[in-house]
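Okay, structure first, notes after.
Just so we're on the same page: letters track the sequence lines, and every chain starts at 1.
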Amino acid sequence: MEKSTIVCRCEEINIDEIEIAIKNGAQEFDDIKRLTRCGMGTCQSKICMNLVRKIISEKLNKPLGEIAPSKMRMPLKVTRLSALTKNIDLCIEEKATLEEGEQTSV
Amino acid sequence: MHINEHPIMNNHFNKDITFTYQGQTFIAREGQTLAAALFANGIKKLGVSRKFHKPRGLFCANGRCTSCFVTVNGLDHVLSCMTLVEEGMVIEANNSDPTVRSGQN
Amino acid sequence: MSKRYDIVIIGSGVIGSSIAYHLSESQQEEVLVIDKGFPLSGTSGSTQAWVWVHSKAPASYGELSMFSAELYPILEKKIGDVEYKRTGGISPFFSESEREKALMLAEKQATVGIPIEVLSQEEVLSREPALSPNIVGATYSPIDGNVNPFRLVELFIRAAKKNNVEFSFYTSVTSILKKNGLFEIETEKGGKYTAKKIIFAGGPWMKELASLIDIKVPVKQVRGQILITEPLTNLIKHTIAGMRQADNGEVLIGYSLEEVGYDRRTTLDIIQNTAQMAIDYIPSLANANIVRAFSGIRVIPEDELPIIGEIPNVENAYISVMHSGITLSPIIGTLMAELLLHGDTSIDLQQYSLSRFDK
Amino acid sequence: MVKIKTDILIIGSGPAGLNAAYTAASHGANVIIVDEAITIGGQLKQQTQILNNLPGEFNSQRGFSLVDDFYERLKSLPITFLLRHTMIGIYKNNSIGVTNGKETFPITYKKLIIATGAAEEATIFPGWTLPGVMTIGAAQILLNREHVLPGNEAIILGFNEFSLEVGKQLESCGVNIKAIVAKGNYDVELFHEAKNVGIRVVSNATIISATGVNEVEKVVLNIDGIEEEHMVDLVCIGNRLSPILEAFEILSCQLAYQEDLGGLFPKYYNSLETTNTSVYVAGNAAGITNIGGILITGEIAAWNALYSLELLEYSQFKNRSRALWEQLYRIEESQVFKARIAAIKETYKDESLALPPFVELLLEEC
């Protein structure tokens with residue numbers, strides 16, 4: 001198959017880019033994700049996850065069952081920020097506030 | 001094209017409604033999703049991809065692939081396969097990253 | 001047979017990779033970097049990646065951060081485009097009572113040359129129109145900015161590899177013994193390495209790593225949860241305390257700090273709280289789609305200041321662990337290379353020595 | 001402020017979720033069923049073929065009419081339907097977070113049954129992102145749920161029971177299926193079935209590319225080494241299904257892998273409880289199977305949830321449970337059932353627990 005064939009529809013990452021990441025030592029879907037942005041788009045790897053796992057399995061000659069899936073993130077579907085803000089008074093125990101700007105920066 | 005006589009199922013739509021897409025008026029059946037209403041009117045390309053601006057449209061029809069985003073009444077990136085069409089809806093193609101505007105809900 | 005190196009670095013996050021790259025510039029030493037995972041799978045890959053100076057206290061620490069921020073443009077010329085942007089940083093406040101504190105901060109930071117303006121509401125809103133009109137003022141500094149952490153770590157590694165640094169990923173270190181003045185390092189995979197010098201750059205995992213040589217490092221793990229919007233058209237120009245817009249348009253938002261060990265899960269409690277904070281700051285974000293939340297385990301030394309330099313009582317062993325590793329990586333890499341290659345540093349690191357905790 | 005509590009929370013209102021809800025609610029449990037779709041039924045809504053392999057208590061019928069059947073059964077039971085609600089995550093206290101697009105709120109439960117079903121795998125080739133290229137399931141949704149013609153001239157990629165069935169349905173509405181593209185070996189019986197209805201199946205074939213300006217206009221196939229061009233306005237990807245895992249992952253359920261169950265799936269015991277206590281799996285999410293298997297696993301999960309809620313007598317539970325597993329053994333494809341039992345055995349082994357004698361018995365049987 002042509003190496004320029006798209007694998008990740010959202011971020012438009014092709015076979016070639018994934019194979020290069022594998023050549024650079026990537027062994028899991030999430031390694032490739034961090035190097036290429038594959039699976040980081042709006043569908044959050046729902047379509048490309050198994051496509052990429054298959055490429056890894058073939059390239060590294062490892063059984064498909066041993067290639068970990070991508071780590072799924074909340075929210076499981078794209079959600080408007082406004083929808084998330086409602087009903088927040090329910091379960092928040094420790095109010096998380098930011099005193100100094102650098103605290104979430106590493 | 002709308003199917004008027006389905007070979008197996010009864011027609012479960014009983015009302016026609018109108019909506020606009022890119023300023024043009026079209027007819028849909030009440031109860032259809034936006035993606036289906038657009039498809040029925042021959043509109044398959046719903047927008048373009050971010051990086052290479054390639055055409056995109058309905059792919060999974062189950063709210064998973066996010067290829068079918070459109071703008072609905074000014075709100076960008078609405079999943080057209082999971083949203084029902086409504087009378088008078090103003091729909092636009094998804095040709096750029098969403099812009100957040102104030103005063104919407 | 002064990003392979004011999006001059007220097008082995010444990011940890012390939014932004015700090016370990018930066019040290020490796022800066023050491024490799026002289027191409028004098030044989031260097032190996034070992035990481036238990038793959039680059040960016042830990043803290044360096046789960047950060048908002050601000051290059052943040054203006055509210056760092058005490059002022060001497062602010063100064064170190066400023067020096068580091070000033071190195072970024074030079075670094076980019078050497079290793080490539082890491083999407084560093086000196087956007088200026090805005091830290092808004094919502095009540096007049098905070099203005100006093102802001103003026104004090106500006107005064108203190110001025111002693112070391114960190115430029116800070118305390119802005120009125122109009123000034124804030126004209127600089128950053130997307131901010132909420134409920135904001136009454138802000139501190140602002142032109143020195144703050146942000147960077148793409150994925151590009152940064154990747155390019156540090158790439159540049160280091162070019163200079164013949166070796167990397168071994170998915171390699172956990174199981175033991176470190178010192179024999180005849182050399183460190184003997186064994187890994188889970190059965191690898192054996194010896195090193196004349198060893199650098200610990202294990203971030204939040206430093207406690208466990210340092211225990212391999214019976215050293216105590218007083219750090220805690222703090223989880224931060226971050227929300228990411230889908231890419232939006234230009235909305236935010238500055239790095240704002242709590243959020244920034246990346247080059248590709250995604251807005252990163254995060255305020256939370258939780259001490260939950262190494263648990264990297266996210267929770268809707270924090271996600272919803274963070275969403276509310278985001279809208280309090282930038283109301284129009286209400287319409288943005290959130291595509292994902294992730295968390296990172298930050299390392300915070302007990303007194304919140306970096307721990308850098310020689311490890312007391314273990315000759316040829318060094319440590320580099322700190323919060324704000326993204327901000328500090330250029331200067332830390334530079335100073336650690338000086339220390340290992342020349343035995344001395346151009347900035348005195350005494351106040352950051354591990355020995356300060358002995359007292 | 002919305003505050004919702006229930007005995008049994010079910011995610012997904014497809015056949016597995018509906019059967020679980022029916023079982024649970026008719027034995028005295030409070031049930032909430034959450035689904036992001038507009039109506040209940042999941043993928044059953046657009047199935048117009050007559051379903052084989054239904055368990056005895058169901059009349060043989062078409063998929064969409066089975067949904068109506070369920071609706072009649074369920075409407076008088078204590079079940080709350082939260083349609084157009086999506087599970088998006090969990091709270092620190094393990095409540096499930098659900099959004100309707102306007103607000104997000106927690107649902108607390110005693111037992112959770114996840115019946116999120118399966119997703120269609122993609123097949124990639126140059127041009128697969130063009131409008132007009134869609135999964136075969138998407139084409140079926142347009143056709144039978146939306147009553148919209150997905151195209152006039154079509155190619156179907158992948159030859160299996162489902163792709164042939166949808167091919168026939170498309171043809172019956174006037175779509176011309178130019179060919180079904182079969183990779184290599186295929187079922188001879190299926191091939192004859194296609195032949196009988198006049199659908200061309202090309203074997204040893206792959207797609208080289210799909211091209212078009214704004215939508216798909218042309219495909220080039222490689223059939224046994226020979227290139228063949230077709231002008232089409234619809235390309236259907238008829239690949240296999242795999243279990244939908246997102247919900248299990250954020251609930252920290254461990255995953256396992258069985259090729260015959262569709263790849264990765266959540267590990268489970270013979271109670272269909274996952275490695276996260278109180279979280280059960282049912283339907284295609286527990287391994288890809290037929291409609292009979294989907295319905296029965298829904299019921300098995302519900303019986304186990306009911307029993308652990310002490311809503312059933314032991315003997316009642318034990319007898320029914322056994323009967324259901326025996327029914328499953330008869331109704332499922334044998335390699336699917338084998339893989340399922342092997343998977344359960346693995347789960348017990350991984351957790352260092354003794355295999356229940358009953359499962360051992362089933363193992364011997366298959």
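- Interface residue D:E36: only side-chain heavy atoms are found under 4.5 Å from chain A.
- Residue D:S242 touches chain A through its side chain alone, counting heavy-atom pairs closer than 4.5 Å.
- Residue A:T5 holds its OG1 atom at 6.0 Å from CD1 of D:I124, rounded to the nearest 0.5 Å.
- Checking each of D:I244, D:I90, D:I250 against A:L76 for a side-chain contact (heavy atoms from CB on, under 4.5 Å) leaves exactly one that passes, namely D:I250.
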Chi angles and distances behind the side chain to side chain contact (heavy atoms under 4.5 Å, CB included) call for A:R9, D:W128: CA-CA 9 Å; A:R9 295 170 70 89; D:W128 74 289; 3.5 Å; yes

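- Interface residue D:T129: backbone and side-chain heavy atoms are both found under 4.5 Å from chain A.
- Other residues, nucleotides and ligands contribute only 12 or fewer heavy atoms inside 6.0 Å of the NZ atom of D:K218.
- Between chain D and the residues A:Q44, A:R80, A:K46, the most heavy-atom pairs under 4.5 angstrom are made by A:K46.
- Separation of atoms CD (D:E246) and OG (A:S45) is listed at 8.0 Å; rounding is to 0.5 Å.
- Both the backbone and the side chain of D:A122 come within less than 4.5 Å of a heavy atom in chain A.
- The CG atom of A:L64 lies 7.0 Å from the CD atom of D:E259; values are rounded to the nearest 0.5 Å.
- Interface residue A:I6: backbone and side-chain heavy atoms are both found under 4.5 Å from chain D.
- By number of non-hydrogen pairs under 4.5 angstrom with chain D, the leading residue of A:K54, A:R53, A:E2, A:M49 is A:R53.
- Across all their heavy atoms, D:P126 and A:M1 have their closest contact at CD-SD, 4.1 Å.
- Two residues are said to be in side-chain contact when any heavy atoms from C-beta on lie closer than 4.5 Å; A:L84 and D:I88 meet this criterion.
- Annotation for D:G101 and A:A83: closest pair O-CB, 3.4 Å, computed over non-hydrogen atoms.
- In this structure, chain D has no heavy atom under 4.5 Å from any part of A:S4.
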Test salt bridge (charged side-chain N to carboxylate O under 4.0 Å, His left out) applied to D:E249 and A:K71, step by step: CA-CA 7 Å; D:E249 280 192 65; A:K71 193 171 183 327; over 6 Å; no

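- Enclosure of atom CG in A:N61 is not indicated, since only 12 or fewer non-hydrogen atoms of other residues, nucleotides or ligands lie within 6.0 angstrom.
- Using a 4.5 Å cut-off on side-chain heavy atoms (C-beta onward), D:K102 and A:S82 make no contact.
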